[in-house]
Amino acid sequence: MKLTAITRNALNAVLMRKEYGETDYRSYFAPAIEQATRFAPAPFCWFIPETNNMTIVEASNNMQQLTPHTTKNWVGQGIGFWFSTIHPNDVDFVMSAVAMTAKINETPPIEISNKLNSNIYCRMLDATNHYRWVLIQFPQRLYNEQGKVISCLVMTTDLSHLAVSLKTMMTVVDLNSNKSYYYNAVVNTQKLVDANLPVISKREREVVQLMAKGLNTPQIANHLFIAYDTVENHKRNLRKKTQTKTAAALMNYVWENNLL
(Lines give C-alpha, C1' and ligand atoms only; values in the text may rest on other atoms or scores of the structure.)
Protein backbone atom coordinates (compact mmCIF):
# COMPACT_ATOMS: atom_id res chain seq x y z
CA MET A 1 0.00 0.00 0.00
CA LYS A 2 1.37 3.42 -0.93
CA LEU A 3 1.09 6.50 1.26
CA THR A 4 1.43 9.55 -0.95
CA ALA A 5 2.92 12.68 0.61
CA ILE A 6 0.34 15.42 1.04
CA THR A 7 0.46 19.21 1.44
CA ARG A 8 -1.49 21.13 4.05
CA ASN A 9 -3.79 22.58 1.39
CA ALA A 10 -4.49 19.08 0.08
CA LEU A 11 -5.15 17.87 3.63
CA ASN A 12 -7.57 20.75 4.18
CA ALA A 13 -9.37 19.73 1.00
CA VAL A 14 -9.77 16.20 2.40
CA LEU A 15 -10.92 17.27 5.86
CA MET A 16 -12.82 20.53 5.42
CA ARG A 17 -16.61 20.42 5.77
CA LYS A 18 -19.12 23.26 5.70
CA GLU A 19 -21.05 22.53 8.89
CA TYR A 20 -22.88 25.32 10.66
CA GLY A 21 -24.48 25.41 14.07
CA GLU A 22 -23.07 25.16 17.57
CA THR A 23 -21.83 21.91 19.05
CA ASP A 24 -20.76 21.21 22.63
CA TYR A 25 -17.63 19.31 21.61
CA ARG A 26 -16.26 18.89 25.13
CA SER A 27 -19.44 17.18 26.35
CA TYR A 28 -19.68 15.01 23.24
CA PHE A 29 -16.13 13.69 23.62
CA ALA A 30 -16.17 13.51 27.44
CA PRO A 31 -16.80 9.71 27.56
CA ALA A 32 -13.84 9.04 25.25
CA ILE A 33 -11.61 11.28 27.36
CA GLU A 34 -12.66 9.41 30.51
CA GLN A 35 -11.93 6.07 28.81
CA ALA A 36 -8.50 7.32 27.75
CA THR A 37 -7.78 8.37 31.32
CA ARG A 38 -8.39 4.80 32.47
CA PHE A 39 -6.21 3.05 29.89
CA ALA A 40 -3.55 5.49 28.64
CA PRO A 41 -0.13 3.95 29.43
CA ALA A 42 1.52 7.34 29.99
CA PRO A 43 0.68 11.07 30.39
CA PHE A 44 -1.41 12.42 27.53
CA CYS A 45 -3.03 15.61 26.30
CA TRP A 46 -5.81 16.15 23.79
CA PHE A 47 -7.40 18.70 21.50
CA ILE A 48 -10.55 18.87 19.39
CA PRO A 49 -10.52 20.38 15.87
CA GLU A 50 -13.60 21.26 13.84
CA THR A 51 -13.66 20.99 10.08
CA ASN A 52 -15.75 24.05 9.26
CA ASN A 53 -12.84 26.46 9.67
CA MET A 54 -10.12 23.86 10.36
CA THR A 55 -9.51 25.32 13.81
CA ILE A 56 -8.87 23.88 17.27
CA VAL A 57 -11.93 24.54 19.46
CA GLU A 58 -11.03 22.68 22.67
CA ALA A 59 -7.83 21.48 24.36
CA SER A 60 -6.94 19.74 27.61
CA ASN A 61 -5.80 21.76 30.61
CA ASN A 62 -2.32 20.20 30.63
CA MET A 63 -1.14 21.25 27.16
CA GLN A 64 1.65 23.37 28.63
CA GLN A 65 2.99 20.29 30.46
CA LEU A 66 3.38 18.18 27.30
CA THR A 67 3.78 20.78 24.52
CA PRO A 68 5.57 24.15 24.17
CA HIS A 69 2.23 26.01 24.30
CA THR A 70 -0.50 26.65 26.84
CA THR A 71 -4.08 25.49 26.46
CA LYS A 72 -5.10 29.08 25.72
CA ASN A 73 -2.52 29.23 22.92
CA TRP A 74 -3.88 26.04 21.32
CA VAL A 75 -7.55 27.00 21.28
CA GLY A 76 -8.50 29.09 18.24
CA GLN A 77 -5.42 28.12 16.21
CA GLY A 78 -5.60 26.58 12.76
CA ILE A 79 -4.75 22.90 12.35
CA GLY A 80 -1.35 23.91 10.99
CA PHE A 81 -0.44 24.97 14.55
CA TRP A 82 -0.47 21.28 15.50
CA PHE A 83 1.72 20.29 12.56
CA SER A 84 4.25 22.99 13.51
CA THR A 85 5.00 21.00 16.68
CA ILE A 86 5.79 17.79 14.78
CA HIS A 87 9.32 16.91 13.66
CA PRO A 88 10.06 18.19 10.12
CA ASN A 89 11.05 14.68 9.01
CA ASP A 90 7.74 13.26 10.25
CA VAL A 91 5.20 15.94 9.42
CA ASP A 92 4.51 14.88 5.79
CA PHE A 93 3.96 11.31 6.94
CA VAL A 94 1.65 12.46 9.74
CA MET A 95 -0.44 14.61 7.38
CA SER A 96 -0.71 11.69 4.96
CA ALA A 97 -1.68 9.36 7.80
CA VAL A 98 -4.33 11.81 9.02
CA ALA A 99 -5.80 12.02 5.51
CA MET A 100 -5.78 8.24 5.21
CA THR A 101 -7.45 7.94 8.62
CA ALA A 102 -10.27 10.24 7.51
CA LYS A 103 -10.82 8.21 4.35
CA ILE A 104 -10.77 4.93 6.28
CA ASN A 105 -13.31 6.22 8.78
CA GLU A 106 -15.64 7.58 6.09
CA THR A 107 -15.64 4.57 3.75
CA PRO A 108 -17.73 1.94 5.60
CA PRO A 109 -21.01 2.49 7.50
CA ILE A 110 -20.49 4.44 10.74
CA GLU A 111 -21.18 1.41 12.95
CA ILE A 112 -18.22 -0.30 11.27
CA SER A 113 -15.92 2.71 10.94
CA ASN A 114 -16.32 3.50 14.66
CA LYS A 115 -14.40 0.28 15.29
CA LEU A 116 -11.49 1.21 13.01
CA ASN A 117 -8.80 2.93 15.06
CA SER A 118 -5.64 4.51 13.67
CA ASN A 119 -2.46 5.08 15.66
CA ILE A 120 0.44 7.26 14.53
CA TYR A 121 3.92 7.15 16.07
CA CYS A 122 6.05 10.23 15.45
CA ARG A 123 8.24 12.87 17.09
CA MET A 124 6.69 15.99 18.58
CA LEU A 125 7.96 18.94 20.62
CA ASP A 126 7.70 18.70 24.40
CA ALA A 127 7.33 21.54 26.92
CA THR A 128 11.07 22.32 26.65
CA ASN A 129 11.03 22.49 22.84
CA HIS A 130 12.81 19.16 22.41
CA TYR A 131 11.49 16.40 20.18
CA ARG A 132 10.38 13.14 21.77
CA TRP A 133 8.30 10.19 20.61
CA VAL A 134 4.53 10.34 20.97
CA LEU A 135 1.54 8.22 20.06
CA ILE A 136 -1.28 10.07 18.27
CA GLN A 137 -4.75 8.50 18.37
CA PHE A 138 -8.28 9.43 17.35
CA PRO A 139 -10.42 7.52 19.88
CA GLN A 140 -13.74 9.07 18.87
CA ARG A 141 -15.19 10.94 15.91
CA LEU A 142 -18.27 13.08 15.23
CA TYR A 143 -20.07 12.50 11.93
CA ASN A 144 -22.60 14.54 9.98
CA GLU A 145 -25.73 13.09 8.37
CA GLN A 146 -23.75 12.20 5.23
CA GLY A 147 -21.30 10.09 7.25
CA LYS A 148 -18.48 12.64 6.99
CA VAL A 149 -16.22 13.38 9.95
CA ILE A 150 -16.78 16.92 11.18
CA SER A 151 -14.71 16.66 14.36
CA CYS A 152 -12.66 14.17 16.32
CA LEU A 153 -10.76 13.78 19.55
CA VAL A 154 -6.99 13.96 18.91
CA MET A 155 -5.10 12.32 21.77
CA THR A 156 -1.31 12.56 22.14
CA THR A 157 0.43 10.21 24.57
CA ASP A 158 3.98 11.02 25.72
CA LEU A 159 6.39 8.13 25.10
CA SER A 160 9.54 9.93 26.29
CA HIS A 161 9.90 7.58 29.26
CA LEU A 162 10.67 4.64 26.98
CA ALA A 163 14.25 3.41 26.82
CA VAL A 164 13.75 1.71 23.46
CA SER A 165 14.19 2.66 19.83
CA LEU A 166 10.92 3.71 18.18
CA LYS A 167 10.16 4.44 14.54
CA THR A 168 7.71 6.53 12.57
CA MET A 169 4.80 4.28 11.66
CA MET A 170 1.04 3.90 11.50
CA THR A 171 -1.17 1.08 12.76
CA VAL A 172 -4.82 0.38 12.00
CA VAL A 173 -6.79 -1.66 14.54
CA ASP A 174 -9.98 -3.27 13.23
CA LEU A 175 -12.18 -4.19 16.18
CA ASN A 176 -14.80 -5.60 13.79
CA SER A 177 -12.55 -8.52 12.87
CA ASN A 178 -10.33 -8.22 15.97
CA LYS A 179 -7.27 -7.75 13.78
CA SER A 180 -4.48 -5.21 13.76
CA TYR A 181 -2.46 -4.05 10.76
CA TYR A 182 1.01 -2.62 11.24
CA TYR A 183 2.79 -0.48 8.66
CA ASN A 184 6.25 1.06 8.60
CA ALA A 185 7.04 4.28 6.77
CA VAL A 186 9.72 3.84 4.11
CA VAL A 187 11.79 7.00 3.82
CA ASN A 188 11.61 8.79 0.43
CA THR A 189 9.29 6.24 -1.21
CA GLN A 190 6.37 7.10 1.12
CA LYS A 191 5.24 3.47 1.08
CA LEU A 192 3.53 1.55 3.86
CA VAL A 193 5.10 -1.86 4.34
CA ASP A 194 3.56 -4.75 6.26
CA ALA A 195 5.65 -5.11 9.42
CA ASN A 196 4.62 -8.77 9.92
CA LEU A 197 3.88 -8.40 13.63
CA PRO A 198 1.55 -10.59 15.71
CA VAL A 199 -2.16 -9.85 15.94
CA ILE A 200 -3.11 -8.66 19.44
CA SER A 201 -6.74 -8.97 20.52
CA LYS A 202 -8.68 -6.10 22.11
CA ARG A 203 -8.54 -7.70 25.57
CA GLU A 204 -4.84 -8.52 25.24
CA ARG A 205 -4.22 -4.90 24.29
CA GLU A 206 -6.04 -3.73 27.42
CA VAL A 207 -3.93 -6.07 29.54
CA VAL A 208 -0.72 -4.78 27.95
CA GLN A 209 -1.80 -1.15 28.44
CA LEU A 210 -2.37 -1.76 32.14
CA MET A 211 0.94 -3.64 32.44
CA ALA A 212 2.59 -0.58 30.90
CA LYS A 213 1.06 1.52 33.68
CA GLY A 214 2.71 -0.74 36.26
CA LEU A 215 -0.33 -2.75 37.36
CA ASN A 216 0.18 -6.35 38.52
CA THR A 217 -2.11 -9.31 37.77
CA PRO A 218 -4.55 -8.81 40.71
CA GLN A 219 -4.84 -5.09 39.91
CA ILE A 220 -5.43 -5.78 36.21
CA ALA A 221 -8.08 -8.38 37.06
CA ASN A 222 -9.85 -5.91 39.32
CA HIS A 223 -9.59 -3.10 36.75
CA LEU A 224 -11.01 -5.19 33.91
CA PHE A 225 -13.50 -7.12 36.08
CA ILE A 226 -12.07 -10.47 35.02
CA ALA A 227 -10.56 -13.41 36.91
CA TYR A 228 -6.92 -13.60 38.02
CA ASP A 229 -6.40 -16.77 35.95
CA THR A 230 -7.87 -15.04 32.89
CA VAL A 231 -5.28 -12.27 33.15
CA GLU A 232 -2.49 -14.83 33.52
CA ASN A 233 -3.80 -16.67 30.46
CA HIS A 234 -3.75 -13.45 28.43
CA LYS A 235 -0.16 -12.84 29.55
CA ARG A 236 0.86 -16.36 28.53
CA ASN A 237 -0.76 -15.89 25.12
CA LEU A 238 1.01 -12.56 24.68
CA ARG A 239 4.39 -14.07 25.54
CA LYS A 240 3.72 -16.92 23.10
CA LYS A 241 2.73 -14.52 20.31
CA THR A 242 5.77 -12.33 20.87
CA GLN A 243 8.13 -15.24 21.58
CA THR A 244 9.21 -13.74 24.90
CA LYS A 245 9.72 -15.53 28.22
CA THR A 246 9.27 -12.82 30.86
CA ALA A 247 6.99 -9.87 31.51
CA ALA A 248 9.94 -7.50 31.11
CA ALA A 249 10.86 -9.01 27.74
CA LEU A 250 7.22 -8.84 26.67
CA MET A 251 6.95 -5.14 27.51
CA ASN A 252 10.24 -4.40 25.77
CA TYR A 253 8.93 -6.13 22.63
CA VAL A 254 5.64 -4.18 22.88
CA TRP A 255 7.43 -0.83 23.13
CA GLU A 256 9.98 -1.57 20.41
CA ASN A 257 7.27 -2.61 17.95
CA ASN A 258 4.65 -0.02 18.89
CA LEU A 259 2.03 -2.63 19.81
CA LEU A 260 0.13 -0.34 22.18
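As a basis for the values below, the full set of heavy atoms in this structure was taken, side chains included, without hydrogen atoms, waters or symmetry mates. All residue numbers in this chain count up from 1 along the given sequence. Here the structure is a predicted model, which is why all the values come from computation and not from measurement.
The minimum heavy-atom distance between Phe138 and Cys152, with the atom names listed, is CD2-SG, 4.1 Å. For the residue pair Phe39 and Leu210, the shortest heavy atom distance occurs at CD2-CD2, 4.1 Å. Heavy atoms only, all atoms of each residue included: Lys167 and Tyr121 are closest at O-CB, 3.7 Å. Closest of all the heavy-atom pairs between Cys45 and Asn62 is CB-OD1, 3.5 Å. Annotation for Ala32 and Gln140: closest pair CB-OE1, 3.1 Å, computed over non-hydrogen atoms. Residues Ile56 and Gly78 share a closest heavy-atom pair of CD1-O, 4.2 Å.
Proximity of a side-chain donor or acceptor of Glu106 to a complementary backbone N or O of Val149 within less than 3.5 Å is detected. Between the side chain of Arg132 and the backbone N or O of Leu125, at least one donor-acceptor pair lies under 3.5 Å. Within the 3.5 Å criterion, the main-chain N or O of Ala42 finds no donor-acceptor partner in the side chain of Thr157. Between the side chain of His130 and the backbone N or O of Thr128, at least one donor-acceptor pair lies under 3.5 Å. One N or O on the side chain of Ser60 and one on the backbone of Trp46 form a donor-acceptor pair closer than 3.5 Å. Distance alone, capped at 3.5 Å, places no donor-acceptor pair between the Ser27 side chain and the Asp24 backbone. With hydrogens and angles ignored, the 3.5 Å screen pairs a side-chain donor or acceptor of Asp126 with a backbone N or O of Asn129. Looking at Thr67, its side chain does come within 3.5 Å of a backbone N or O of Met63 through a donor-acceptor pair. Judged purely by atom type and a 3.5 angstrom limit, Gln219 uses its side chain to pair as donor or acceptor with the backbone of Asn216.
Residues passing the ring pair (Phe, Tyr, Trp, His ring centres under 6.0 Å) test with Phe83, sequence neighbours excluded: none. With sequence neighbours excluded, the residues forming a ring pair (Phe, Tyr, Trp, His ring centres under 6.0 Å) with Phe81 are His69, Trp74, listed by chain and number. Residues satisfying the salt bridge (Lys or Arg N to Asp or Glu O under 4.0 Å) test with Arg141, not counting sequence neighbours, are none. Under the side chain to side chain contact (heavy atoms under 4.5 Å, CB included) criterion, Asp229 pairs with no residue at all, not counting sequence neighbours. Partners of Ala249 under the side chain to side chain contact (heavy atoms under 4.5 Å, CB included) rule, at least two apart in sequence or in another chain, are Thr244, Thr246.
With rounding to the nearest 0.5 angstrom, the CH2 atom of Trp82 is 10.0 Å from the CE atom of Met95. In this structure, the separation between CG on Asn117 and CG on Asn105 is 8.0 Å, given to the nearest 0.5 Å. Distance check, rounded to the nearest 0.5 Å: CD of Gln77 to CE of Met54 gives 13.5 Å. Here Gln35 contributes atom CD and Met155 contributes atom CE; the two are 10.0 Å apart, rounded to the nearest 0.5 Å. Here the straight-line distance linking atom CG of Asn237 with atom OG1 of Thr242 works out to 10.5 Å at 0.5 Å rounding.
Side-chain atoms of Thr55 and Glu50 include a donor-acceptor pair closer than 3.5 Å. Thr70 and Asn73 share a donor-acceptor pair across their side chains, judged by distance under 3.5 Å alone.
For the pair Ile226/Arg203, a side-chain contact is recorded, criterion being any heavy-atom separation below 4.5 Å from C-beta on. Side-chain contact between Arg205 and Val208 is absent, with no heavy atoms from C-beta onward closer than 4.5 Å. The shortest distance between side-chain heavy atoms of Met124 and Asp158 does not fall below 4.5 Å. You'll find the side chain of Thr101 stays beyond 4.5 Å of the side chain of Lys103, heavy atoms only. Counting only heavy atoms from C-beta outward, the side chains of Ile136 and Cys122 approach each other to under 4.5 Å. At a threshold of 4.5 Å between non-hydrogen side-chain atoms, the residues Tyr131 and Ile86 do not count as touching. The closest side-chain heavy-atom distance from Asn119 to Met170 is not below 4.5 Å. Using a 4.5 Å heavy-atom cutoff, the side chains of Thr51 and Ser151 are not in contact.
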Exercise. Go through Glu204 and Lys241 one step at a time and tell me if the salt bridge (Lys or Arg N to Asp or Glu O under 4.0 Å) criterion holds.
Key: CA-CA 11 Å; Glu204 289 169 344; Lys241 288 181 177 182; 2.8 Å; yes
Exercise. Applying side-chain contact (heavy atoms from CB on, under 4.5 Å), run through Lys235 and Ile220 and close with a yes or a no.
Key: CA-CA 11 Å; Lys235 288 185 177 182; Ile220 294 173; 4.2 Å; yes
Self-check item: Residues Phe29, Leu142; criterion side-chain contact (heavy atoms from CB on, under 4.5 Å); working and verdict
Solution: CA-CA 9 Å; Phe29 290 111; Leu142 176 61; 4.1 Å; yes
Quiz item: Passes side-chain contact (heavy atoms from CB on, under 4.5 Å), Leu135 versus Thr156? Steps please.
Solution: CA-CA 6 Å; Leu135 165 61; Thr156 301; over 6 Å; no
Exercise. May I have the step-by-step check of side-chain contact (heavy atoms from CB on, under 4.5 Å) for Phe93 and Ile120, ending in yes or no?
Key: CA-CA 9 Å; Phe93 173 79; Ile120 303 169; 4.2 Å; yes
Quiz prompt | Test salt bridge (Lys or Arg N to Asp or Glu O under 4.0 Å) applied to Glu34 and Arg38, step by step | solution = CA-CA 7 Å; Glu34 174 60 26; Arg38 291 185 62 203; 5.7 Å; no
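Cluster annotation: Val75 is not connected to Tyr28 through the hydrophobic network of ILVMFWY side chains, with a link wherever side-chain heavy atoms come within less than 4.5 Å. Hydrophobic clustering keeps Leu66 apart from Leu159 (ILVMFWY residues linked when any side-chain heavy atoms are closer than 4.5 Å, directly or through intermediates). Under a hydrophobic clustering in which Ile, Leu, Val, Met, Phe, Trp and Tyr are joined whenever their side-chain heavy atoms come within less than 4.5 Å, directly or via other members, Leu215 and Met211 fall into the same cluster. One hydrophobic cluster, built from ILVMFWY side chains closer than 4.5 Å, holds both Val94 and Ile104.
A salt bridge (charged side-chain N to carboxylate O under 4.0 Å, His left out) check over residues 68-90, counting only residues at least two apart or in different chains, returns the pairs Asp90-Arg123.
Here the options are Thr71, Ile79, Leu153, the test is side chain to side chain contact (heavy atoms under 4.5 Å, CB included), and the partner is Phe47; only Ile79 passes.
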